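Reviewing the structure listed below.
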Amino acid sequence: MTQKLLRGRVLSFVAEPQGPEDTDSFVYHEDGALLIEAGKIVAMGGYEAVASKADGAEVVDHRPHLLLPGFIDLHLHFPQVQVIASWGAQLLDWLNTYTFPAEVGFADAAHANTMARAFYDQMIGHGTTTAMAYCSVHEASVEAYFGEAARRDMCMIGGKVLMDRNAPDGLLDTAQTGYDASKRLIEKWHGQGRARYAITPRFAITSTPAQLHAAGALVAEHPECFIQTHLSENKAEIAYTLDLYPQARDYLDVYQMAGLVTEKMFLGHAIHLEGREIDALSEMGAHPVFCPTSNLFLGSGLFDHGGLKARGIQSAIATDIGAGTSYSMLQTLNEGYKILQLQGQALHPYQAFHWITRGNAMTLGMQSEIGTLEAGSAADLVVLDARATSAMDLRMDAATTLAQELFVLMMMGDDRAVAQTYVAGVTQKA
């Protein structure tokens, strides 16, 4: 079988960095290499050592660029690709004005397929190789989403949105039809190739108690699946939720009562949390998802990463396209850094790049498959050029350490800094 030998400056994390001096948390080879075969990494290390293991491999020299694991984005909306950068008010108005009208179109399979190709092109162009995304309420959108991922051999997670109230007629299912469609899609797609399914009630406002309990039944029947929804993004959203669920102790309790809160659950935003909710997240192992660009765009609030981490809560980080304003996980780190700065919380570049690679993989429980460049991992990786723009080039003339280079990438980088993306060892970006 044909091998591929990639040469460059190789960086992969082996543990979560504890601070600026924690160089034991990663492996770095100034003149490094990756040997790839059958979509997997066979060896990682210094160039001479890895090259000695190659047998007629095609050699691709990426020097002086950095080779890292492909980025992982754990909260975004596939049907919102054409509403990104839409002027609007806060969350609920934005959903009604832009999101819901756009999602109605995904009932049409041809439209969904066209948008899927564009969606994956954008992710690949920005160095993202795995994502967890919301599809629309329509099965056609899920078929398009997973079908395109399969054609590209990408490890993708997603699911049909469940909504049976407080949305336009063209976006409503019922507790029973949503359950039945999700069941069909799980049986077809979960574990098929690299696909994983996420049971996806949009959020409490758009689901009746009956639908949330149907989603809970799916979770009980398919504990291998992920669960994704939204939590406490906006104060008006929280108030409306508690009006709809007066028996709930708080917003998270709406999901707890339905049996949805497990260590496989990903809760977008989780900004305005009550003490009991934080206790429950810590106890049950569910994962808040930090969405910095959308939190700023919609004026939602500041995510307390440090406070949650102090309670042992493992948070993910994500773009939240389309309220999020960039497909770039580098720009996501840029805005995340600023949000944490406002709260006196530091985000060192080692910690930042761990978060969008191995860290997000750990929240999925998939760090043995994605998120690192260890032997046996999928050959999903990104090649980064810290001199991609004239401004970056000028700044890099004064950079003297790896940490400084990473900081330049996360503050000034975007898709222009992505020199190449590989999925399962196959070139994706020319």
Side-chain angles (χ1 to χ4, degrees), residues 8-30 32 34 41 44-46 65-74 127-130 282 285 287-292 303-319 328-375 377 380-384 386 396 399-413 417:
R9 296 161 54 231
V10 174
L11 174 63
S12 182
F13 289 89
V14 297
E16 182 178 358
Q18 298 305 303
E21 307 304 319
D22 188 5
T23 56
D24 292 334
S25 63
F26 59 86
V27 174
Y28 175 64
H29 297 280
E30 182 71 27
L34 299 170
I41 296 171
M44 172 185 69
H65 300 333
L66 280 167
L67 278 61
L68 289 91
F71 302 145
I72 301 170
D73 183 354
L74 293 186
T128 296
T129 54
T130 290
S282 178
H287 304 286
V289 187
F290 183 20
C291 304
F303 182 83
D304 184 16
H305 176 54
L308 294 173
K309 186 176 179 182
R311 294 296 309 275
I313 296 168
Q314 194 175 38
S315 298
I317 186 167
T319 63
S328 173
M329 291 301 289
L330 299 176
Q331 283 302 296
T332 297
L333 292 176
N334 175 342
E335 300 300 335
Y337 174 85
K338 297 168 189 174
I339 286 175
L340 298 184
Q341 280 283 85
L342 286 170
Q343 301 172 88
Q345 300 176 20
L347 180 62
H348 189 272
Y350 291 161
Q351 296 166 323
F353 277 85
H354 174 268
W355 204 355
I356 63 173
T357 57
R358 181 179 178 271
N360 270 355
M362 287 180 66
T363 63
L364 296 169
M366 295 177 65
Q367 65 270 27
S368 64
E369 301 174 51
I370 57 173
T372 80
L373 301 179
E374 297 291 328
S377 289
D380 298 340
L381 59 134
V382 61
V383 182
L384 296 180
M396 281 297 297
T400 58
T401 67
L402 175 64
Q404 289 173 2
E405 180 178 6
L406 293 174
F407 196 60
V408 169
L409 282 163
M410 69 184 261
M411 300 309 294
M412 302 178 73

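Note that the structure is a prediction, hence the values are computed from the model and not measured.
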Item to check | Separation of I317 CD1 from E335 CD (nearest 0.5 Å) | outcome: 10.5 Å

Checklist entry - How long is the gap from CD1 on I370 to CZ on F71, to the nearest 0.5 Å? => result 13.5 Å

Checklist entry - Do S315 and H305 pass the side-chain contact (heavy atoms from CB on, under 4.5 Å) test, and can you show the C-alpha distance, the side-chain angles, and the key distance before you say yes or no? => result CA-CA 7 Å; S315 298; H305 176 54; 4.3 Å; yes

Checklist entry - For the residue pair T357 and I72, what are the closest heavy atoms and their distance? => result O-CD1, 3.3 Å

Item to check | Working for side chain to side chain donor-acceptor pair (under 3.5 Å), residues Q351 and D22 | outcome: CA-CA 10 Å; Q351 296 166 323; D22 188 5; over 6 Å; no

Item to check | Main-chain N/O of T130 paired to T128 side chain as donor or acceptor, under 3.5 Å | outcome: no

Checklist entry - Can you find a pair of side-chain heavy atoms, one from D304 and one from Q345, that are under 4.5 Å apart? => result yes

Next on the checklist: Quick one, L381 with L34, criterion side-chain contact (heavy atoms from CB on, under 4.5 Å). Give me CA distance, side-chain angles, the key distance, then yes/no.
Outcome noted: CA-CA 10 Å; L381 59 134; L34 299 170; 4.0 Å; yes

Checklist entry - Counting N and O atoms only, with roles assigned by atom type, does the side chain of Q367 sit under 3.5 Å from a partner on the main chain of R358, one being a donor and the other an acceptor? => result no

Item to check | Flag for T319-D73: side-chain donor and acceptor within less than 3.5 Å | outcome: yes

Item to check | Sequence-distant partners of E30, salt bridge (charged side-chain N to carboxylate O under 4.0 Å, His left out), two or more places apart | outcome: R9

Item to check | Nearest heavy-atom neighbours spanning P292 and A318 | outcome: CD-O, 3.7 Å

Checklist entry - Can you tell me if D380 uses its side chain to pair, donor with acceptor, with the backbone of G70 under 3.5 Å? => result no

Checklist entry - Considering residues at least two apart in sequence or located in another chain, which fulfil the side-chain hydrogen bond (donor to acceptor under 3.5 Å, both in side chains) criterion with S25? => result none

Item to check | Residue of the set L347, T332, T363 for which side chain to side chain contact (heavy atoms under 4.5 Å, CB included) holds with W355 | outcome: L347

Checklist entry - Any donor and acceptor pair, going by atom type alone, linking the side chain of H29 with main-chain N or O of V10 inside 3.5 Å? => result no

Checklist entry - More than 12 non-hydrogen atoms from neighbouring residues, nucleotides or ligands closer than 6.0 Å to CD on Q343, yes or no? => result yes

Next on the checklist: For the aromatic rings, using the six-membered ring if either is Trp, is the centroid distance between F13 and F353 under 6.0 Å?
Outcome noted: no

Next on the checklist: Under the criterion side-chain contact (heavy atoms from CB on, under 4.5 Å), I'd like the reasoning laid out for L67 against L11: C-alpha separation, chi angles, the key distance, then a yes or no.
Outcome noted: CA-CA 6 Å; L67 278 61; L11 174 63; over 6 Å; no

Checklist outcome for this item: Between A15 and H354 the two heavy atoms that sit nearest each other are O-CD2, 3.3 Å

Checklist entry - Can you name the residues that form a side-chain hydrogen bond (donor to acceptor under 3.5 Å, both in side chains) with Q331, not counting sequence neighbours? => result N334

